[in-house]
Amino acid sequence: MNWYGLWADVIVGIHVVYVGFVVFGELAVLTGLVLRKSWARNPWFRCLHVAAVVIVAVELLLGYECPMTVWERNLRDLAGQPHSGQTFIGQCLHSLIFHDVDEWTITLINAAVGLLVILTFAVFPPRFRRAKQACKAEELARSPHAHAAADPAPR
């Protein structure tokens, strides 16, 4: 078994999941916002999503090649395979995220998706306050003064 090729396929799989998270995550958020679903403003999801986009944006701005692309290419070299993936799974996954277009087009698409995600985050921010309200309600429920204030005065 060629372990380098297997690990290259694993890296491509992780890369596909990452790209899918960015693209389909934004589509899910936009759909949820249009349908007025509360999950569309989930702070955990939204912050992780923006972080994933910021990582790609920093790579683009600094001119860094994606580490997953570099790792996959190095593993394919060690496995003696072409960079497009030699295994069936590797070829399928690789074709999902890598296309023969010029670098400027890829940069433009990445920048547009990043801008859309950041604008969505800014215009429709996640809702953190529900967690704060729940904490305040718990504090009030635990407070001995809250019960005394809620009880009517004895007659």
Side-chain angles (χ1 to χ4, degrees), residues 1-140:
M1 169 166 253
N2 188 339
W3 290 103
Y4 294 119
L6 176 69
W7 282 112
D9 289 346
V10 169
I11 295 292
V12 173
I14 293 168
H15 207 171
V16 167
V17 169
Y18 189 95
V19 171
F21 174 66
V22 169
V23 174
F24 293 111
E26 181 63 13
L27 291 174
V29 167
L30 291 173
T31 302
L33 290 171
V34 167
L35 298 175
R36 298 182 183 271
K37 300 293 182 182
S38 62
W39 54 260
R41 291 188 180 224
N42 179 291
W44 288 101
F45 178 81
R46 296 288 300 280
C47 290
L48 285 172
H49 191 245
V50 166
V53 170
V54 167
I55 289 169
V56 174
V58 168
E59 288 173 356
L60 285 172
L61 290 172
L62 297 178
Y64 289 147
E65 188 173 14
C66 175
M68 286 188 271
T69 303
V70 173
W71 295 335
E72 184 216 351
R73 184 177 53 242
N74 292 343
L75 287 166
R76 296 270 180 229
D77 286 342
L78 291 169
Q81 298 175 349
H83 295 165
S84 62
Q86 189 168 348
T87 65
F88 175 74
I89 292 173
Q91 288 176 353
C92 291
L93 294 175
H94 200 273
S95 67
L96 288 173
I97 59 174
F98 293 105
H99 304 283
D100 287 330
V101 294
D102 61 290
E103 192 173 326
W104 173 248
T105 304
I106 296 294
T107 301
L108 188 63
I109 291 169
N110 286 339
V113 170
L115 183 61
L116 178 63
V117 170
I118 291 168
L119 281 173
T120 304
F121 192 88
V123 175
F124 303 101
R127 292 209 172 130
F128 293 97
R129 69 175 187 248
R130 287 187 182 179
K132 288 180 184 175
Q133 287 174 347
C135 288
K136 285 181 184 177
E138 277 185 36
E139 287 176 20
L140 285 175

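Everything numeric in this text was worked out from a predicted model, so none of it was measured. Just so it is clear, the values below take in all heavy atoms, side chains as well, and ignore hydrogens, waters and symmetry mates.
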Undergrad: So Arg76 and Ile11, do their side chains get closer than 4.5 Å, heavy atoms only?
TA: no
Undergrad: Provide the full list of salt bridge (Lys or Arg N to Asp or Glu O under 4.0 Å) pairs with a residue in residues 109-126, sequence neighbours left out, each pair given once.
TA: none
Undergrad: Who passes side-chain contact (heavy atoms from CB on, under 4.5 Å) against Val50, sequence neighbours left out?
TA: Val54, Val117, Phe121
Undergrad: For residues Asn2 and Ala79, report the shortest heavy-atom separation together with the two atoms involved.
TA: ND2-O, 3.0 Å
Undergrad: Applying side-chain hydrogen bond (donor to acceptor under 3.5 Å, both in side chains), name anything that partners Asp77, two or more places apart in sequence or on another chain.
TA: His83
Undergrad: Tell me, please, which residues at least two apart from Trp104 pass side-chain contact (heavy atoms from CB on, under 4.5 Å).
TA: Asp102
Undergrad: With a 4.5 Å limit on heavy-atom distance, are the side chains of Glu26 and Val113 in contact?
TA: no
Undergrad: Show every salt bridge (Lys or Arg N to Asp or Glu O under 4.0 Å) that has at least one partner inside residues 46-71, sequence neighbours left out.
TA: Glu65-Arg73
Undergrad: Shortest non-hydrogen contact from Gly32 to Trp39?
TA: CA-CH2, 3.6 Å
Undergrad: Would you say Tyr18 and Ile55 make side-chain contact, with heavy atoms under 4.5 Å?
TA: yes
Undergrad: Do Leu116 and Leu30 have side-chain heavy atoms sitting under 4.5 Å apart?
TA: yes
Undergrad: Just verifying a value: how many Å separate Thr31 OG1 and Lys37 NZ, rounded to the nearest 0.5 Å?
TA: 11.5 Å
Undergrad: Taking atom OH of Tyr4 as the centre, report whether more than 12 heavy atoms of other residues, nucleotides or ligands fall under 6.0 Å from it.
TA: no
Undergrad: Which atom pair, heavy atoms only, marks the closest approach of Pro43 to Pro126?
TA: CA-CB, 3.5 Å
Undergrad: If you compare all heavy atoms of Ala40 against all heavy atoms of Val29, which two are closest, and at what distance to 0.1 Å?
TA: CB-O, 3.8 Å
Undergrad: Kindly compute the distance separating CD (Glu72) from CG (Asp9), expressed to the nearest 0.5 Å.
TA: 8.0 Å
Undergrad: Suppose we screen for ring pair (Phe, Tyr, Trp, His ring centres under 6.0 Å). Which residues come up paired with Phe21, at least two apart in sequence or across chains?
TA: Phe45, His49
Undergrad: Taking the side chain as every heavy atom from C-beta outward, state whether Arg41 and Leu33 have any atom pair closer than 4.5 Å.
TA: yes
